[in-house]
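Heavy atoms only: backbone and side chains are in, while hydrogens, waters and symmetry mates are out.
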Amino acid sequence: MADPPAGNVPVVDFNPFTHVTSEGSNRAWRELREQCPVAWTPENGGHWILSSYEAVTAAFLDWQTFSSARTDPAISSLMLGDAHMPKLYPEELDPPASKPMRRVLSRLLSPTAVAAMEPRVQHWTNYYLDRIIDAGGGDFASEFSVPVPSAVTMEWLGWPQDEWVQAASTFYDMARHEYFSPGFMEAGKKFRWLGSRIQEEVAQRRQHPRDDVMSAIANADLDGVPITAEEAQAMVLLTIGGGVDTTTALTSAGLIHLGRDPELRSRIIEEPALLETATEGILRLYPPARTHARTASARDIGFHGCPCARAIASARRSLSVP
């Protein structure tokens, strides 16, 4: 447990993982934001919380002070607490190291590349919708929101189809359990298997490249320097997580919202052009990643009126929320 920084520090009793409903979480963050948008909490080992849009934006843009890089090779820099997780590149890197990897992903996910994926997205969407229709109904979360992003992402990567569900479920199982609960920790063990399989798949692609995204990552050129196997593995893991977890969370939230608002649902059906705007609105209402951890540097800074700039600069963690 880290002690509160010395000085006139605003201390709050706040744990972002206490609230398991959207309404409760939104209310708690709103109250914190109104009370003190930059504060220290003893929860989760002790860390700073940034809760206002202005503070979060400033922290995200100031990577020299609020770093994404790991200080311990074994412990995730993106999660509160000492979570032992495989590396996720380029998210767990700061500039300039992150930029070449981000350029690789930008090319793989360019508007042209995404447009080329549309037929397969439509295929898997129709496939799972038809299964629900043929069955006379079903649970859209488990039978649509989960399998469609999994199929699209894993096929795009070139992952063996018989392992799509097992690989994707490593992220789902962690998301369905309370943070650091026994179920959460048990689900985390599956990452050992997934990490091992990614290592094997990347090694195969480096020796025998194929026409798939995993091969493109495994043999990427990072500004004239060949990507290492470890870097490629970290990028593949991040790509799987981003493809299967956040997409499923957003899709499920959108379906629930439309189920509770039949008027909006009918309007979108009648005016399909509104779907893009509705998606953006749902993304703002239900962000798939509600918290982001950063490690504060030892720089002496002033930050959004906090009376203890040096304390913030030396704090172990800074937690930001969109």
Side-chain angles (χ1 to χ4, degrees), residues 2 12 14-20 22 25-26 28-30 32-33 36-41 43-72 74-95 97-99 101-102 105 171 174-175 177-180 184 188 191 234-235 237-250 253 282-297 299 301 303-304 306 312-322:
V12 294
F14 185 86
N15 188 337
F17 308 112
T18 298
H19 306 281
V20 295
S22 178
S25 179
N26 288 339
W29 280 110
R30 182 170 59 251
L32 176 64
R33 189 177 302 116
C36 188
V38 179
W40 173 271
T41 178
E43 298 287 344
N44 303 299
H47 58 87
W48 285 91
I49 303 177
L50 312 180
S51 57
S52 72
Y53 175 86
E54 294 77 14
V56 171
T57 301
F60 277 171
L61 293 175
D62 185 5
W63 60 265
Q64 294 95 335
T65 301
F66 300 95
S67 173
S68 297
R70 293 192 176 198
T71 56
D72 184 322
I75 298 176
S76 172
S77 67
L78 304 175
M79 301 174 66
L80 292 173
D82 294 336
H84 288 69
M85 299 281 290
K87 294 176 182 176
L88 297 169
Y89 288 166
E91 192 169 358
E92 287 191 281
L93 292 173
D94 293 321
S98 62
K99 290 185 176 180
M101 293 186 190
R102 289 187 180 277
L105 293 179
F171 293 90
M174 292 189 73
H177 293 289
E178 186 178 346
Y179 200 67
F180 281 131
F184 178 92
F191 273 90
M235 288 185 68
L237 180 60
L238 176 68
T239 304
I240 294 174
V244 307
D245 183 36
T246 57
T247 309
T248 289
L250 178 64
I282 290 170
L283 183 59
R284 292 186 179 92
L285 281 174
Y286 309 103
R290 290 185 67 89
T291 62
H292 296 268
R294 295 291 185 266
T295 301
S297 72
R299 298 175 64 206
I301 62 168
F303 195 77
H304 283 255
C306 180
I312 276 193
S314 61
R316 179 174 178 271
R317 289 270 184 234
S318 171
L319 174 66
S320 305
V321 296

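- Residues meeting the side-chain hydrogen bond (donor to acceptor under 3.5 Å, both in side chains) test with Thr41, sequence neighbours left out: none.
- No donor-acceptor pair closer than 3.5 Å links the side chain of Asp245 to the backbone N or O of Gly241.
- The OG atom of Ser77 lies 12.0 Å from the NE2 atom of His292; values are rounded to the nearest 0.5 Å.
- Here the side chains of Phe17 and Asn44 are in contact, with some heavy-atom distance below 4.5 Å.
- Contact of the Glu91 side chain with the Ser68 side chain is not registered, since no non-hydrogen atoms from C-beta on lie closer than 4.5 Å.
- The minimum heavy-atom distance between Ala97 and Leu93, with the atom names listed, is O-CD1, 4.1 Å.
- You'll find the side chain of Phe60 reaches within 4.5 Å of the side chain of Arg294, heavy atoms only.
- Of all non-hydrogen atoms in Ile282 and Ala253, the two that sit nearest each other are CG2-C, 4.5 Å.
- Heavy-atom minimum distance, Leu250 versus Leu283: CD1-CA, 3.7 Å.
- Contact of the Pro90 side chain with the Leu238 side chain is registered, since non-hydrogen atoms from C-beta on lie closer than 4.5 Å.
- A distance of 9.0 Å separates CE in Met85 from CG in Leu78, rounded to the nearest 0.5 Å.
- Ser52 approaches Pro37 most closely through the heavy-atom pair CB-CB, 3.7 Å.
- Taking NE2 of His47 as the reference point, atom CG of Asn15 lies at 6.5 Å (rounded to 0.5 Å).
- Contact annotation: the side chain of Phe66 never approaches that of Val56 to less than 4.5 Å [non-hydrogen atoms, C-beta and beyond].
- Leu237 is listed as a side-chain neighbour of Phe171, based on a closest heavy-atom distance under 4.5 Å.
- Pro95 is listed as a side-chain neighbour of Ser98, based on a closest heavy-atom distance under 4.5 Å.
- Across all their heavy atoms, Met101 and Tyr89 have their closest contact at SD-CB, 3.6 Å.
- Between Leu50 and Ala59, the shortest heavy-atom distance links the atoms CD1-CB, 3.5 Å.
- The closest donor-acceptor contact from the side chain of Glu92 to the backbone of Arg70 lies at 3.5 Å or more, if one exists at all.
- The closest side-chain heavy-atom distance from Pro16 to Trp29 is below 4.5 Å.
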